[in-house]
Amino acid sequence: MSKKLLEEQVGQQLLAQGLTIACAESCTGGLLTSRLTDIAGSSAYVMGSVVSYTNRIKETLVGVQHETLLAHGAVSEETAREMAEGIRRAIKTDIGVGITGIAGPGGGTKEKPVGLVFIAVSGPRGTMVKENHFSGTRTEVKRQTTDTALAMASAYLTQLNHPERNAHPERK
């Protein structure tokens, strides 16, 4: 028996619960949405996405507050949270995922090194955000990011379906 792909697992959970998802992606450039839509029938639950590579797009299309970007920067827990919550509002879905980070090889600083990625999942039970430190090539960082985002979405959906389980202790 073959191992189920993360994107297939998330898709099955969304279908089983009758929920929809939208993504706001920065450093992954649409890879998460691509993986979700690689699954046949995904149009039943993937409603759309925005590749919000610039701050202007984060603000105008996704709903990140200008003040958040000034105070915390594009790569921050606060921005990821607002991206997930904003895309969920903008596209009117049950679940929103926000990803912002530095895939490299350039662009990193001492405070925000290459491989720093914040991932947020938002839904009816609030928003969970996780700070991640990935390593490898740009492609590897993007893949690790989407693997983690799918795992987080799956954990969130499990929590929705089984509230007695503590599937996301880092939720704030």
Side-chain angles (χ1 to χ4, degrees), residues 6-7 9-11 13-14 17 19-37 42 45-104 107-108 112-134 138 141-160 167-172:
L6 281 168
E7 49 267 47
Q9 179 178 322
V10 170
Q13 288 176 287
L14 288 162
Q17 295 179 50
L19 301 176
T20 57
I21 192 167
C23 305
E25 301 183 60
S26 185
C27 64
T28 49
L31 181 59
L32 176 61
T33 305
S34 177
R35 288 182 65 182
L36 285 167
T37 59
S42 58
Y45 50 85
V46 177
M47 298 296 105
S49 72
V50 171
V51 176
S52 52
Y53 216 58
T54 66
N55 286 353
R56 183 175 64 81
I57 298 302
K58 285 176 180 68
E59 288 180 48
T60 58
L61 295 182
V62 180
V64 175
Q65 297 297 309
H66 183 71
E67 296 75 23
T68 300
L69 292 166
L70 286 177
H72 305 285
V75 179
S76 65
E77 174 181 338
E78 294 81 2
T79 297
R81 177 183 303 278
E82 289 187 22
M83 288 172 70
E85 293 169 354
I87 199 69
R88 185 173 168 234
R89 271 191 314 274
I91 299 186
K92 297 176 178 43
T93 58
D94 302 296
I95 304 295
V97 179
I99 297 173
T100 185
I102 305 165
K112 294 185 179 182
V114 169
L116 174 63
V117 180
F118 291 90
I119 303 169
V121 178
S122 181
R125 293 179 65 96
T127 302
M128 60 187 272
V129 182
K130 184 176 181 198
E131 177 178 332
N132 303 273
H133 295 270
F134 300 120
R138 182 177 184 84
V141 168
K142 289 170 66 174
R143 182 64 185 208
Q144 291 168 69
T145 298
T146 58
D147 284 346
T148 302
L150 288 165
M152 286 175 64
S154 180
Y156 192 99
L157 291 163
T158 297
Q159 177 69 15
L160 282 179
H168 46 78
E170 69 275 357
R171 185 178 65 164
K172 294 178 182 172

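FYI, side chains are in, hydrogens and waters are out, and symmetry mates aren't considered; it's all heavy atoms of this structure.
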> Is Glu78 reaching over with its side chain to a backbone N or O of Thr68, donor-acceptor style, under 3.5 angstrom?
Replying inline: no
> Between the side chain of Ser154 and the main-chain N/O of Leu150, is any donor-acceptor distance below 3.5 Å?
Replying inline: no
> Hey, mind stepping through Lys58 and Asn55 against side-chain contact (heavy atoms from CB on, under 4.5 Å) and telling me if it holds?
Replying inline: CA-CA 5 Å; Lys58 285 176 180 68; Asn55 286 353; 3.9 Å; yes
>> With no hydrogens and no angle check, just 3.5 Å: does a side-chain donor-acceptor pair link Ser49 and Glu25?
In response: no
>> Closer than 3.5 angstrom, by distance alone: can the side chain of Thr79 be matched with the main-chain N or O of Gly73 as a donor-acceptor pair?
In response: yes
> Stepwise, does the side-chain contact (heavy atoms from CB on, under 4.5 Å) test hold for Ile99 with Met83?
Replying inline: CA-CA 7 Å; Ile99 297 173; Met83 288 172 70; 5.6 Å; no
> Going from CD on Glu7 to OG1 on Thr37, what distance comes out if it is rounded to the nearest 0.5 angstrom?
Replying inline: 9.5 Å
> Which heavy atom in Ile87 sits nearest to a heavy atom in Cys23, and how many Å separate them?
Replying inline: CG1-O, 3.6 Å
> Ile119 versus Asn132: any side-chain heavy-atom pair under 4.5 Å?
Replying inline: yes
>> So which atom in Ala84 and which in Gly98 form the shortest heavy-atom distance, rounded to 0.1 Å?
In response: CB-N, 3.5 Å
> Looking just at side-chain N and O atoms, do Thr93 and Thr20 make a donor-acceptor pair shorter than 3.5 Å?
Replying inline: no
> Is the backbone of Val97 close enough, under 3.5 Å, to the side chain of Arg88 for a donor and an acceptor to pair up by distance?
Replying inline: no
> Quick one: does Leu160's side chain get under 4.5 Å of Leu19's, heavy atoms only?
Replying inline: yes
>> For a quick test of reading the model, state the closest non-hydrogen atom pair linking Ser26 to Ser52 and the distance between them.
In response: OG-O, 3.5 Å
> Does any N or O in the side chain of Ser34 come within less than 3.5 Å of the main-chain N or O of Gly30, such that one atom is a donor and the other an acceptor?
Replying inline: no
> Can any side-chain N or O of Thr148 pair as donor or acceptor with the backbone N or O of Gln144 at less than 3.5 Å?
Replying inline: yes
>> Go through it in stages, so that I can follow the logic: the residues are Glu82 and Glu59, the test is side-chain contact (heavy atoms from CB on, under 4.5 Å), and I'd like the CA-CA distance, side-chain angles, deciding distance and then a yes or no.
In response: CA-CA 10 Å; Glu82 289 187 22; Glu59 288 180 48; over 6 Å; no
> Ignoring hydrogens and geometry, is there a side-chain-to-backbone donor-acceptor pair from Tyr156 to Gly126 under 3.5 Å?
Replying inline: yes
>> With side-chain contact (heavy atoms from CB on, under 4.5 Å) as the criterion, how do Leu14 and Val10 come out once you've worked through the C-alpha distance, each side chain's angles and the decisive distance to 0.1 Å?
In response: CA-CA 6 Å; Leu14 288 162; Val10 170; 3.8 Å; yes
> Distance from Leu32 atom CG to Ile21 atom CD1, nearest 0.5 Å?
Replying inline: 6.5 Å
>> For Ala74, is there any backbone N or O sitting under 3.5 Å from a side-chain donor or acceptor partner on Thr100?
In response: yes
> So which heavy atom on Ile102 is nearest to which on Gly108, and how close?
Replying inline: CG2-N, 4.0 Å
> Got a second to check how far Thr127's OG1 is from Glu77's CD, nearest 0.5 Å?
Replying inline: 10.5 Å
>> Please check: side-chain N/O of Gln17 versus main-chain N/O of Leu157, any donor-acceptor pairing under 3.5 Å?
In response: yes
> Can any side-chain N or O of Lys142 pair as donor or acceptor with the backbone N or O of Leu31 at less than 3.5 Å?
Replying inline: no
>> Ignoring hydrogens, what is the shortest heavy-atom contact between Lys112 and Val75? Give both atom names and the distance.
In response: NZ-O, 2.7 Å
> Closest heavy-atom contact between Gly104 and Val114?
Replying inline: CA-CG1, 3.5 Å
